[in-house]
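Working notes, structure below.
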Number of protein chains: 4
Amino acid sequence: MASPRRQRLRPDVRLPQILDAAVEEFAVRGYAGASMTAIAGRAGVAKGLLYHYFPAGKADLFRAAVRSCVQPAFAEAEAILASRAGSRRALLRALVDMAYARLTGQPRDQVLFRLIVSEADRFPEIAEFYQAEVLSPTFALVRAVLRAGVESGEFRPEALEQPGLPQVVLAPVLMASIWRMMLGEARSPDLDAMRDAHADLLVRALSA
Amino acid sequence: MASPRRQRLRPDVRLPQILDAAVEEFAVRGYAGASMTAIAGRAGVAKGLLYHYFPAGKADLFRAAVRSCVQPAFAEAEAILASRAGSRRALLRALVDMAYARLTGQPRDQVLFRLIVSEADRFPEIAEFYQAEVLSPTFALVRAVLRAGVESGEFRPEALEQPGLPQVVLAPVLMASIWRMMLGEARSPDLDAMRDAHADLLVRALSA
Amino acid sequence: MASPRRQRLRPDVRLPQILDAAVEEFAVRGYAGASMTAIAGRAGVAKGLLYHYFPAGKADLFRAAVRSCVQPAFAEAEAILASRAGSRRALLRALVDMAYARLTGQPRDQVLFRLIVSEADRFPEIAEFYQAEVLSPTFALVRAVLRAGVESGEFRPEALEQPGLPQVVLAPVLMASIWRMMLGEARSPDLDAMRDAHADLLVRALSA
Amino acid sequence: MASPRRQRLRPDVRLPQILDAAVEEFAVRGYAGASMTAIAGRAGVAKGLLYHYFPAGKADLFRAAVRSCVQPAFAEAEAILASRAGSRRALLRALVDMAYARLTGQPRDQVLFRLIVSEADRFPEIAEFYQAEVLSPTFALVRAVLRAGVESGEFRPEALEQPGLPQVVLAPVLMASIWRMMLGEARSPDLDAMRDAHADLLVRALSA
DNA sequence: GATGAATGAGTCTTCATTCAT
DNA sequence: GATGAATGAAGACTCATTCAT
């Protein structure tokens, strides 16, 4: 006589279901706009169950959802780096291309970014977390590439003396992502044009 | 200093009061998080009055608030441009400096940007408006500077052949602004370092 | 330098403007649904002016509006009665026809009736007023016709002994009106069919 | 008699509670005048629960409340009809008596009718529903009685040839109900007198 | 683990009414 | 007489959260 809806699942099955639903809902509606009911509905569970898994409530679910999005996007970058194919210049170009490509193909990454931007001051710890887990490593990676280029003689040595350079190098890719989110594919600046201009700018500015 | 219960003001006095309060509240809380009650309280008026000035309600007030933020930024840029002081290179540097300076000094501008980023897909018309009234003109302005530089022989002629260049040139300033919003002054990348790296990068990449 | 909108009119011009607007608005929206703003708008005056003419507010305006609708609908009936054309039977038929005809041609009368029906228990005095000014006289008129018919020998003498007869005689016309209001012209019972059946029924039942 | 703060009941218990409270409140105040808070209070539940059962809100609750009033009236009429006691004339009289009796004894029925009359044009579907579910069947019932009477030779054959007759036959009862609602028991026409006059009129007009 | 009935504080919004101009 | 800015109370509705089952 069990209710047909009532299926007991192990936490490691239910939890991802719930987190996925939460990510999608938060992504579409923002933090304040997403309702627990809607998240539960999307996950196919009852409202009450959300509080079983996240007794502290909505804010906690949000934190968990955001955290669940930060996957090692670095795997690919490090693979490219490891293969050290050709010149540093070609390497740089490959990295830039990869970064732009992700923007097109990985909506989940965009979502993450957007959520963090808009909810950052309601959840300072999330911004902090993002800075520590995503931003800093990425800057470090760029710095490593620059150092390798300088050491091999391809890049100008001054590149290592400017602490703000990695940020400047990365910024256009991130802005391209933000413009896409804001304006839609139709109205946002042309991605290919930006990628080419970006790569060209870097090569000219950094070459020894 | 008595606060009379009912102070009748001319609309051209009240309206800015209300808009200012709305901008502040939306900035702090986001669209969904800002409450009409709080906006009214901040403006020192009764809730009902908001609907007298914006019968269409919260969304309309939001639009008006965003629009009220736009004008001041361009005035300064055009002033700099008009005073065509010195070389194009110096001009570019002046513009870059101004842009970074605004990010520090004008919280209103940051607010505007953050609101647009986070609420863009709930208010597509605002994103559209921003693109048309702010972004496009700014790109055009950068392009004008580049063209002047090329014509004077200071900049490389290829600079004019890359349609994505203005976006790449501007991106670091905007990202600096976003990082500040997200991470706070303490944790965000160092503004001065970025400005210097940015200006240096441009000069190296663009010089003939 | 007078504001162009500000036209001072004599009360006997303004008052009908306001009452007409009120009747229309109350008719369309009901008492609770009609807003003072909308009435003022329809009348082409400012909200405040309504309170100048009706200091006691909305309820008072409603009462005045309803009262303004009760015009002597009896003029026509009494004209028919005075012309005593032909037999009482023909007279009765003429009166029935007239009653049904009014239902089609005079939306203002229907409105009045509907308002009274639906707001009667919020405004008991209005129901009272209606009963005294409209209903009672109408019953009396029917009774007079019956008496004349009995005296002339055309109608059965028992017709005068049934105190409920005038109500029964009138009811179908009023119900026809109510059904029209409720169901619209399309779905409500056929007016012509009712009129014929009604007249026939009366003639058969009353003839000596 | 302690009233526990949170009493969980099965929906098939709560729903009628809520509908009953809604009918009463709508009856007294009309649609616009009835407040969700008051309905919840009358039902002894929190406001929010109303939206649990009627997510579409007030209008939906209103529709459900009206619908919940319909069924009982027909049962009795059909019982009388089934017990085809005595002559058709007696049958007609029994039905007329029943109809008048209901108006006195069953406030729920009056309420229903009043609601439909006054809110018909705000809820066209309800008027439609009323016409289809209540009015048409009632007319059909009257027509069936007439036909049976004609076939048995008690009624004049012409009674079947007048399509408007059922409406005319029923109208006085309904008007009696409306007058009662409008004017109160004290001021409205005498019910007994109407019933007698009504029955007598029908018998005289319909007898062969 | 899982459900969904139940709550109540909070949100946007409306509107009769007041009153300075 | 006339305006419309300003108010405040009240209304419909939402939603995070609780808890009996």
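Chain naming here is simple, since letters A, B, ... match the order of the sequence lines and numbering starts at 1 in each.
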Reckon A/A34 touches a base, only the sugar-phosphate, or nothing at all at heavy-atom distances under 4.0 Å?
-> sugar-phosphate
Cation over ring face, A/K58 and A/F26, 6.0 Å, 45° = no
note: A/Q17, atom CD; E/dG1, atom P; distance rounded to Å ~ 13 Å
What nucleotide among F/dA2, E/dA6, F/dT7 has an atom nearest to a side-chain atom of C/R14?
-> F/dA2
Which of F/dA12, E/dT11, F/dT3 is nearest the side chain of D/K47? It is F/dA12
Which is true for C/G48 with a 4.0 Å heavy-atom rule: it touches a base, it touches only sugar-phosphate, or it touches nothing?
-> base
C/K58, nearest nucleotide to its side chain (from F/dT21, F/dC13, E/dT17) = E/dT17
Phosphate oxygens OP1/OP2 of F/dA5: is one of them under 4.0 Å from a side-chain N or O of B/H52?
-> yes
Do you know the tightest heavy-atom contact between A/Y51 and A/G57?
-> CE2-CA, 3.9 Å
Which whole-number value in Å describes the distance from D/R10 CZ to E/dA5 P?
-> 12 Å
Quick one: look up who F/dC19 pairs with, Watson-Crick or G-U, both distances under 3.5 Å, and put none if it's unpaired.
-> E/dG4
CZ of C/R29 versus P of E/dT14: gap in Å, rounded?
-> 13 Å
Pi-cation contact, D/F129 with D/R67 (under 6.0 Å, within 45°) = yes
Is the shortest heavy-atom distance from the side chain of C/V66 to the side chain of C/V23 under 4.5 Å?
-> no
Round to a whole Å and report the spacing from CG of B/L49 to P of E/dT14.
-> 15 Å
Does C/A46 or D/G33 map to a spot on DNA chain F nearer the 5' end, using the closest nucleotide for each?
-> C/A46
Can any side-chain N or O of C/R122 pair as donor or acceptor with the backbone N or O of C/Y31 at less than 3.5 Å?
-> no
Of the candidates F/dT7, E/dA2, F/dA16, the side chain of A/Y51 sits closest to F/dA16
Name the nucleic acid region contacted by D/A59, choosing base, sugar-phosphate or nothing; use a 4.0 angstrom heavy-atom cut-off, strictly under.
-> nothing
From B/R42 CZ over to B/E25 CD, what is the distance, rounded to the nearest 0.5 angstrom?
-> 4.5 Å
Determine the contact category for D/A56: base if any of its heavy atoms lies under 4.0 Å from a base atom, sugar-phosphate if only primed atoms, P, OP1 or OP2 are that close, otherwise nothing.
-> nothing
Between E/dT11 atom P and B/L50 atom CG, what is the distance in whole Å?
-> 14 Å
Describe the nucleic acid contact of B/L9 in one word from base, sugar-phosphate, nothing, applying a heavy-atom distance below 4.0 Å.
-> sugar-phosphate
Tell me what D/F54 touches on the nucleic acid: a base, only sugar-phosphate, or nothing, going by heavy atoms under 4.0 Å.
-> nothing
DNA chain F: 5'-proximal contact among D/P55 and D/R8 (nearest heavy atom) | D/P55
On DNA chain E, check which nucleotide each of B/A32 and C/A32 is closest to and give me the residue with the more 5' one.
-> B/A32
A/M36 atom CE is separated from E/dG8 atom C1', nearest whole Å, by 17 Å
F/dT21 and E/dG1, which share atom name P, separated by this distance in whole Å | 22 Å
Here the distance between atom C1' of E/dG4 and atom CG of D/D12, to the nearest Å, is 15 Å
Taking E/dT7, F/dT3, E/dA16 as options, the one with an atom nearest any side-chain atom of D/V45 is E/dT7
Distance, rounded to the nearest Å, where B/Y53 contributes OH and E/dT14 contributes C1' | 18 Å
